[in-house]
Amino acid sequence: MTCRLLKSSNLFLSWRSAARGVIRRRRLMLRKLTSRPSALTNVVRSLLTPHAAHARAPTRLAAPMTSAMISSSATPVSRAAQARPTSRRGVAAARRSTRAFAASGGSFPAGDMSPHAELAVSSSPVTEDAANAAAADMVVFSVCEEDCAKLAADDAVFEGIAPGLGALIKELVDEKEFKGKAGSTAFTRVPKATGLPFRHVGLVGVGDPAKTATSPEVWIGFGREAAKAAREAKCSSLYLRKYWMGDTAETFRTKAASIVLGAHLGSSADLRFKSKPEPSTLKTVTVSSPADADAASVAAALAEGAATAAGVTLTKQLVAAPPNVVTPTALAETATAIAAAFPETMSVKILEEAECRAMGMGAYLGVAEASDEPPKFIHLTYTPLGSENASSLKKVAVVGKGLTFDSGGYNIKAGAGSMIEMMKFDMGGAGATLGAARTVAELAPKGVQAHFIVASCENMIGSRGLRPGDILTASNGKTIEVNNTDAEGRLTLADAIVYAEKTAGAEKIVDVATLTGAIIVGLGPEVAGMFTPDDELAASLEAAAGSAGEPFWRMPVRESYWKACGMESDYADMKNTGSRGGGAITAALFLQKYVEKDTTKWAHLDIAGPVWDDKKGGATGFGAATLAKWIEGQGSE
């Protein structure tokens, strides 16, 4: 028994000695931590010092409420619009840009003002077919289903370009079972034994001519697929030839603009973030034109296609870039760069947080509150040359949602299908807005003044962040009960729409946003939703979308859904979300509340579906071309 007791005593002493050693090491580690000037210091000290937590001043302590405040009839001001609280160190919590550089330490461009500067696109009459084909590394033809079914080895069109080409094309069609369906392709390397002067040849299907004869989507696809194939084959020159050349002058002009747009889009890949990017080898593209085509008309088509491509590519780059590169500051710098590139017609104003607070933008600033990235309110204005009397111009505004990253806030995006890793594209509306501005600046339409407005910020989580249950006050005095912090985009758009109407003086406002998942449920990944109570505005947007080759579907703006779907609040003027059903419609109804005048026409474009397509390489640039076409059309009305 004595031996057992001694053994137990020794074991206890050994355990106690080890435990004391662990305690000493932990205390030493905590003392070292408290000596460091870091945010962790206060937490560690509160653990080591009794009652320290109770001695600290609260970080979100509001000013004392006085009887004068209680009885005041002044418009309520949201927490976000008040002065920023002090930090734990007693110093005002200043905004700072923490992600100006990517993780590698190098800086990357948010977007390129002239992404296709090294590509030369021209047109040449079909009478020069043989010479143009001989000078190209790759020759690509557009072929419809009807013509494809009749192709023979001695086809006159192909043989007229180069003897032996007809037999090669026929073999390619048979081998690939090519039918000419819209979007289908067939490419091959030309064997040296054929003696043909070019190294590659290809076909792109344009479908049933009765359905796709003038469809921009089809002709954009022709140019894009051909240029992409030429780039991947490391060709330096490309010749694009429509198999059938019987178009009228106006029809060919429309097709040519689409073909050129597609050729620009397919000519390069986004390699900004590769450590060893390979530059595109494709330098020249020649588009065949009818022998009797008007040279000025064709030149205008080429210029239109190039300008549209610049805007669409800028949109794609902004949407594709990671959120540590495209910040609110980066979007503001992009707008500034557009204004600098076109100083005669473009001007820009960037409102900082203090200016937005002075204007009472509590809804917008409430969303921005938790982020260390400073919010940037962007107002870019296009005014055509020779417009001394601006009051005679039609005034329109495009308002883009600019959430450069959306965590969801306290209603955090979590779990499978939340897509939090893709929330860099939640500024797709802002991307389309700036892309449209880039195109409009180059095309310079007459008779219209266009305002491009973006309330840009991040939706993050933090001690200053927006909480479910908070009530915000927008710049028009309306109050909003926030029942879901992940419905933040409409809060930023609310203040931006008020600004567009009251400050910019816009008579027509179109907001564009990746606003709801509900629109994807309803329309799928390829079609965007259009909401407006005005038939005339809807018709003009549909015409612009048709010309741009971007599909939209008009959705109902049903007033009864406001109450039926739970948008009314017992404590504020409204909630920011309603029931699950009809979510895209209630989001549109929410935005409509911020258009004050009956004479102001308004539309909402929800582009959440088509803004991104993994099958097409990610960011699509959707919306920029439609908005540019719409603005151009407003000047000619």
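What's counted below: heavy atoms across the whole structure, side chains too, no hydrogens, waters or symmetry copies.
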Donor-acceptor contact present, side-chain [X] to main-chain [Y], <3.5 Å:
X	Y	value
T439	A307	yes
R554	T532	yes
T315	G431	yes
R241	Y243	yes
S280	S267	yes
K424	A320	yes
S288	L240	yes

Practice item. Given salt bridge (charged side-chain N to carboxylate O under 4.0 Å, His left out), test K170 with D155 step by step and report yes or no. Key: CA-CA 9 Å; K170 176 60 177 173; D155 184 272; over 6 Å; no
Exercise for review: Evaluate the ring planes of H116 and H264, with Trp represented by its six-membered ring, and classify them as parallel (under 30°), tilted (30 to 60°) or perpendicular (over 60°).
Suggested key: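 Rings of H116 and H264: perpendicular, over 60°.
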Practice item. Would you please indicate yes or no on a ring centroid separation below 6.0 angstrom for F552 and F622? Key: yes
Point to revise | Y239 and F198 aromatic centres sub-6.0 Å | key: no
Review point. Salt bridge or not for D270 and K316, using N-O below 4.0 Å?
Key: no
Review point. Would you call K401-D511 a salt bridge at under 4.0 Å N-O?
Key: no
[X] versus [Y], closest heavy-atom pair with distance:
X	Y	value
H200	C235	CD2-SG, 3.5 Å
E304	R253	OE1-NH1, 3.1 Å
A436	L627	CB-CB, 3.7 Å
S456	L331	OG-CD1, 3.3 Å
F158	L151	CE1-CD2, 3.6 Å
E159	A167	OE2-N, 4.0 Å

For a 4.5 angstrom cut-off between non-hydrogen side-chain atoms, does [X] reach [Y]?
X	Y	value
V396	V448	yes
F273	P322	yes
V206	W244	no
E373	F405	no
D247	K242	yes

Exercise for review: Give the C-alpha distance, both sets of side-chain angles, the deciding distance and a yes or no for side-chain hydrogen bond (donor to acceptor under 3.5 Å, both in side chains) between N132 and S124.
Suggested key: CA-CA 8 Å; N132 290 327; S124 180; 2.9 Å; yes
Exercise for review: May I have all residue pairs that pass side chain to side chain donor-acceptor pair (under 3.5 Å) and include part of residues 134-151, sequence neighbours excluded?
Suggested key: D137-S236
Check your understanding: Could you give all pairs that pass the side chain to side chain donor-acceptor pair (under 3.5 Å) test and reach residues 607-619, with sequence neighbours left out?
Key -> W612-D614
Review point. Considering residues, nucleotides and ligands other than K176, do more than 12 of their heavy atoms fall under 6.0 Å from its NZ?
Key: no
Review point. Are E225 and T185 close enough that a side-chain donor and a side-chain acceptor fall under 3.5 Å?
Key: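 No - no donor-acceptor pair under 3.5 Å links their side chains.
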